[in-house]
Structures are given as C-alpha cells and as structure tokens.
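A, B, ... follow the sequence lines: proteins, then strands. Residue 1 opens every chain.
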There are 2 protein chains.
Amino acid sequence: MSSAAETIIHGECIEALRAMPDKSVDLVFADPPYNLQLGGDLLRPDNSKVDAVDDHWDQFESFAAYDKFSREWLSECQRVLKDDGALWVIGSYHNIFRVGTILQDLGFWILNDVVWRKANPMPNFKGTRFTNAHETLIWASKGRGARRYTFNYDAMKMANDEVQMRSDWTLPLCTGEERIKNGSGDKAHPTQKPEALLHRVILSSTRPGDVILDPFFGVGTTGAAAKRLGRRFIGIEREAEYVELARQRIAKVIPVPLADLDVMGSKRSEPRVPFGQIVEAGLLTPGDMLYDPKGQRAAKVRADGSLVVGDLTGSIHKIGAMVQSQPACNGWTYWHFKTDKGLAPIDVLRAKVRAEMAA
Amino acid sequence: MSSAAETIIHGECIEALRAMPDKSVDLVFADPPYNLQLGGDLLRPDNSKVDAVDDHWDQFESFAAYDKFSREWLSECQRVLKDDGALWVIGSYHNIFRVGTILQDLGFWILNDVVWRKANPMPNFKGTRFTNAHETLIWASKGRGARRYTFNYDAMKMANDEVQMRSDWTLPLCTGEERIKNGSGDKAHPTQKPEALLHRVILSSTRPGDVILDPFFGVGTTGAAAKRLGRRFIGIEREAEYVELARQRIAKVIPVPLADLDVMGSKRSEPRVPFGQIVEAGLLTPGDMLYDPKGQRAAKVRADGSLVVGDLTGSIHKIGAMVQSQPACNGWTYWHFKTDKGLAPIDVLRAKVRAEMAA
DNA sequence: TCGACACATGAATCATAGT
DNA sequence: CACTATGATTCATGTGTCG
C-alpha cells in the first residue's frame, strides 16, 4: 500500500479492494448505491420533472443481488482495516437495513447509528408520505473485541457548543457553489454529499495523518475533506469522469492548519414547536376551547392541532386571522386557554414543551 | 376476533397472533425486544447449549435466533393485517436493521423510516460514543401492490404548523407522571414509550374506529393512546404484571368525544363533481368564456362541459394542459370565469355545488 | 449596490377510480 | 390487468434578473 497522502484508483470497487493489503487503513467511509426502486417519472406541482437517480450503477436485480454485492465489499473493507480501525456507511431506508444486518453478520460492532437531518430536503410532492428528510449513517468498529477505535470526544463536544455531540446531525444538502458541475454546467454526480458531513465524520473518528479509504469515491468529497483536515486518503471510483473531476477538485483544496479546527463549530437554534405537539403532549385535549384575549370568541381544538370556529377550520394562525378579518395573526399570543386564574395565552404551553425538551 | 373496543391478551406473542383471524386489523404498532442479551429464553426458543464457541459464532447464533423470532411475529402480523393496513415497528441500532431487512424480505413495502429525536436523551457517561439520542421507526404497508394505506396527510401537515410533517420527530422521553410505577414506586417497564409518540403514529395512519394491534403491549401505551383517540385495540403481553398495570392505566383514560375526533380531511376524499354538473346547475351557461389566470387565453364552455379553444375540444383538464403544452393540468384551478371583482377560478363554483350537495 | 422577485432544484421506492 | 380520465400536490435555499 502506498503511503502517499492522496491516492485515487480508477477501477471497480471490489476488485480494487482485493488488491489492497490487510490492515492498512484507519477508517473506511462508504456511500454505496442505495438500490432505489423508483416507479415512473415524478412531476412537481408545477409540472417540472424531478431529476431522479436512475443511473445504471444503482440498479440491482434483487435484494439477494444487492446483499451479495454488499457482503463482498464490506468483508474486503473489514480485511483492509487495521484492528483499531472503524467504518462509516451512509444510506437510506432503501438499503441501510440490509447494510446494517450484513455488518452485524460479518462481526462488525456497531458503535452508533447517526442520523443526518437534512435542513432543506426535497418535499413529498404528492402528499403521500412523510417528507423523507434524513439519511442514516452507521459507525462500526472492526469487531466486538477489536482494539480501541478512535473517538475524539472533546473535539466533538467543542464543535457542539460544549455539550456532547448527539447521534442526530442537522446539516444542509450539498448545493450551490459546492456542488461539482460537469462541462455542461449541470451537476456532475447525482448524490454528492456535503463536505460538512465528511468533516464531522473525519474529525470525530480519525487522527491527523490517518489513512481514510472511500470505496465509492464519486467526485471525491471524502478526499477533499480528508485533505483539508490533514488526513491521507485512498479513493476507488469506477467512472472515469468522476475520477477526473475529483482530481481537479482536490487539487484546489487548501489544508487547514490544525490549530484552527476548533473554531469550526455548528450552532444550534431554538427548537420549533408546532401547535399539534401541544395536543400530542396532552397539554390540551381535542375538544378543548380556546378564546380570544377578551374571552368573547371561542374556537375548538382538534386532535391534529387544527381549530374549528363555525364552518371554518385551519391552523391557530389562519383561524386567528380569519375571525379578526385580518391578513395575518400570531396564534400563539392571540388564542388563550382557561386556567383557574383566568385566561392565559397558549404560548405558555409552548414554553412548557420547550422547557421539557431542553431538560 | 373480538369486535370489542379493548382487548388485552395475556400470552406469548407468536402463539396469540396465530390464534387471530386473517385480515382483521388496520394497523400494527410493535415495540419488540431490542437487546439480544436480555430475555434469552424468548430469543433462543430451541437453542441447545452452545459451548466453547468464539464470540463471532455465538453472535451469529444470537442473531439467527433473533431473526427467526422476528420473522415469525412479523409474518403473523402480515397475515392478520387487512390489505390496506400498515405496520409500525420501533427499534434501535441493536435490532432495527435486522427487523427492516426481514420486513423487506417478507414483502412489506417501506413507506418511511421515521426518526424519533429524543429531546432529552440520556448522556453517554463514558464519552466513548455519540450520545444515543434517537430511535428509529419503520412504517410499511402490507406490500408493494397492496391496497392504499391510510395516511392523514392534511392532519399531519396541520399538526406541524402547515408545513409537511418530516421523517424526524422531536419528542421528549416518557418521564414524570406519565411513567407507570410499580408497587415499590419504581418505573414498572424499562422502555415505556411516550404517549405523544403513539398519538402521532395513530393520528397519521388510522381512522377513528380502526383496530390497532400491539403484539408487545407492555404497560399499554398503545392502548391508552388508541382509547383516547377513539380507536379500538388488541394488545398482547406475556408478563402478568404489565397486563395488570396496563388495564388499570387504560381504565383511567377518558376518550376524546367522538365529535372532537375530526381532523383536517384530504381533498382527495371529497365527492367528485364533474365539470358538466356546473353547467347543469346553471352556474355557467353554454357559450360562456373561461380564461387562464392572466386573462389572456380564452375557452368557450359547451353544454356537455367540454371546452373549445380554436380547433381543440376536450375536458377542462385536457384543454388546460394542451394550451400550456404541459403533460397535465388541474382545470379547476387553471380556468377562471369573470365576476364583477375580476377573475375567479372555477373551483369556487365546484365548492358551491358541493355545499349544496351537503345541505 | 441593493432589494424584490422569479426561478431552479435536491438519493423520491410520490394517485386513484372507473372501464 | 391495462388503460384512461380526473385532478391533487412543495420546502428551503441558492442563484439570477430586473429596476
């Protein structure tokens, strides 16, 4: 194995892995095909077409074929990992359960599953399901009895305003300038991951100088983040176009002085509490009445957090606006509930939920 | 199968499931055992003593036993589900990957994986991993080609301040008053789920009166939430102590009055009104003109509810699509008629007809 | 230079009743 | 089962255009 800082192998994943020596890498980060099973075209409400991931490399004949492929590349990764090494895989509900099962069957020891909460996911255009707003990463050591893996607890805590980093990470998608374009100015790769995600993975579980292997290198996000953070990397990629774009991209990356790493934290914001959650929490019950500040107008609460006044139904804000014949209304301060001391705005219930969430 | 509103079966999960008739429940919510080490007698029903095997082999044996158990209860659940039914399972990284894989292998069709972000998780005291701050739920329909599952999209959207409900839900743990205590004043059940979580599950994917099955009933959170929301339930629980605590708990639950169970309904379920009926009702007259939203393009209404633009004739939808050169068009919102206050979409005429039909 | 507004787009298993 | 007709449906963010 090369001790070069940067290695990109243009070749098929499993074959290239087989050519690598045992126990030679410190970390694997893998973003394998998800095996999406899409129907026909999906149109947005404005009739534009969603640019789907229909690439040939994401197509598998069956779950069995996908499992076989997964078992092969994962067991090669296990072989090339050092005994104190670890592996990250990212996936969605289409494939991550199969990957997780195979990991366990191969003897990997799962340390965490981590949820990437997308700050700006694509909506569900047809209103058929919950907005698919996250992906799952699995972090695993080589085995239950393996030598101690690397976890930079304090760096993570520092990056998270001095409280422990949780297993859910809120990060935006990779868009705009960061998104690598091809010659035509279109996105070069359908599933490019944000570098911030890789930044956190690498910072959490490697040390400067470590060798990071990415068997599905794509346009080289892992390589870019590794170089920036002073780690070495080996990338394997089958498509010549991606290899070339990755090279160009990584050549431009300027490594960050290690002393500057601790300033690259993320901020947390006040959690949003929808009114429906007040009902879920049992602070109001379906059928309860809410009142305007003077106690003259009344509205009934329903189980989904909608209000009813006569024939009107809608959110606390919408109904508040309608009964006042005004364009807008802050329902949290307008609507009140009865207490033994008189009327109180429902905003105090929101405060209660927030307090509980912070506790 | 009983048509009773409340049924608690004291018995072993798979055995009790086998006694239930086909296609008799609308929803399954399951919180199966997570940890392979706990409840070994359950997870290794037919295991002969395994001596002197290394960790790897032992692990595989455990997983195999857990898989067997999971396959059995899940396939029974699939059998007792109605064709338009659905199933929820909750788990952590210890078991959820195996459960998800088995679901897929049995032919369940995954609709979402949902992350319960714990607002107040237990910290990782040793600082060796990320704070395990979430659990994963899988929502699946009976199969890819199954009849349409229930999803109260508009109720969920309403409960989330009028934006689509996402696949990550932030909810506090079950603590304080809500936590069921045993005779000694200690928590009675190690993994009691918050009722708010069940509230959201039930509200999203069932209708009032539906039958909800929970094969691992525990202290009856599913039953409590179901009763509160006017749903029927069947709970299966092996431990006599839990059964008794669940009974006492559920007896105290006061159901939401039937009249307050309404939530925001979907437009898809409203009665269909053909455009021709607008003309029949005299709200438009043959020969009247309709216009696009900007008032630039015009179409003539005919007696049968077809439109004419130049040489083109067809439905409001077809003509709307053709004049815009788009694959599809909702004619109800595209076409407008003249009023003294300007243009108004013909959808308001449909609303008028619907109101008359309801009266 | 700046604000207002329009437009584009992201790993998506994305409709349903009737004939 | 296949096919057709109806008609329901989007959030956050970045970029570009226009005045």
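- Following rounding to the nearest Å, A/K49 (NZ) and C/dA8 (P) show an atom-to-atom distance of 16 Å.
- Rounding to whole angstrom units, CE of residue A/M122 and P of C/dT13 are separated by 8 Å.
- Counting any heavy atom pair closer than 4.0 Å across all strands shown, B/R350 reaches sugar-phosphate atoms only and no base atom.
- For the C1' atoms, the distance from C/dC7 to D/dT10 is 14 Å, rounded to whole Å.
- Heavy atoms of B/V163 sit under 4.0 angstrom from primed sugar atoms or phosphate atoms, though from no base atom.
- Inspection of the A/D113 and B/H134 side chains reveals an N or O donor paired with an N or O acceptor under 3.5 Å.
- The distance between atom CG of A/N47 and atom C1' of C/dC7, rounded to the nearest whole Å, is 16 Å.
- Within the cation-pi definition used here (under 6.0 Å to the ring centroid, within 45° of the axis), A/R98 qualifies as a partner of A/F63.
- Geometric assessment of A/R200 against the ring of A/W169 yields a positive cation-pi assignment under the 6.0 Å and 45° thresholds.
- Taking atom C1' in both D/dG16 and C/dT1, the straight-line distance is 16 Å, to the nearest Å.
- The gap from the P atom of D/dT9 to that of C/dA11 amounts to 25 Å, rounded to the nearest Å.
- Spacing of C1' atoms, C/dC14 relative to D/dC11, comes out at 15 Å, to the nearest Å.
- Checked against the 6.0 Å centroid criterion, the rings of B/F108 and B/W139 do not qualify as a close aromatic pair.
- Counting to the nearest Å, the P atom of C/dC14 and the CZ atom of A/F125 are 13 Å from each other.
- A centroid separation of 6.0 Å or more is found between the aromatic rings of A/F217 and A/Y242.
- When heavy atoms are screened at a 4.0 angstrom cut-off, A/C174 is found touching no nucleic acid atom at all.
- Under the 4.0 Å criterion applied to side-chain N and carboxylate O atoms, A/D186 and A/K181 are not assigned as salt-bridge partners.
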Which atoms of nucleotides 16-19 of chain C (N or O only) lie under 3.5 Å from a protein N or O atom, and what are those distances?
| residue | atom | partner | partner atom | Å |
| --- | --- | --- | --- | --- |
| C/dT16 | OP1 | B/R148 | NE | 2.0 |
| C/dT16 | OP1 | B/R148 | NH1 | 3.4 |

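- Rounded to whole Å, the distance from CZ on A/F216 to P on C/dA11 is 18 Å.
- Taking atom C1' on both nucleotides, C/dT13 is separated from D/dT6 by 25 Å, rounded to a whole Å.
- If you check every strand for non-hydrogen atoms under 4.0 Å, A/P194 touches nothing.
- Atom CZ of A/R179 is surrounded by more than 12 heavy atoms from other residues, nucleotides or ligands within 6.0 Å.
- Within a 6.0 Å sphere centred on NZ of A/K187, heavy atoms belonging to other residues, nucleotides or ligands number more than 12.
- Residue-level contact check: A/D31 touches the bases, meaning some heavy atom is under 4.0 Å from a base atom.
- Of all nucleotides listed (C/dA12, C/dA11, C/dC14), C/dA11 comes nearest to the side chain of A/L173.
- The interatomic distance linking A/N132 (CG) with C/dA12 (P) rounds to 8 Å, in whole Å.
- Among the atoms of the strands shown, only primed sugar atoms or phosphate atoms (P, OP1, OP2) are found under 4.0 Å from some heavy atom of A/R179.
- Atom CG of A/N124 is separated from atom C1' of C/dG10 by 14 Å (rounded to the nearest Å).
- With contacts defined as side-chain heavy-atom distances shorter than 4.5 Å, the pair A/N112/A/I110 does not qualify.
- Extent of DNA chain D lying under 4.0 Å from chain A heavy atoms, first and last nucleotide in 5' to 3' order, is D/dA8 to D/dT15.
- Looking at heavy-atom distances under 4.0 Å, B/T333 makes no contact with the nucleic acid at all.
- In this structure, the side chain of A/E237 does not engage the main chain of A/P215 through any donor-acceptor pair within 3.5 Å.
- Residue B/A328 is classed as a base contact, given a heavy-atom separation below 4.0 Å to a base.
- Note: CG (A/D46) to C1' (C/dA6) measures 12 Å, nearest angstrom.
- Residue contacts shown for B/I110 include a base, since a base heavy atom lies under 4.0 Å away.
- Put simply, the side chain of B/N152 never gets that close to the backbone of B/A155: no donor and acceptor are under 3.5 Å apart.
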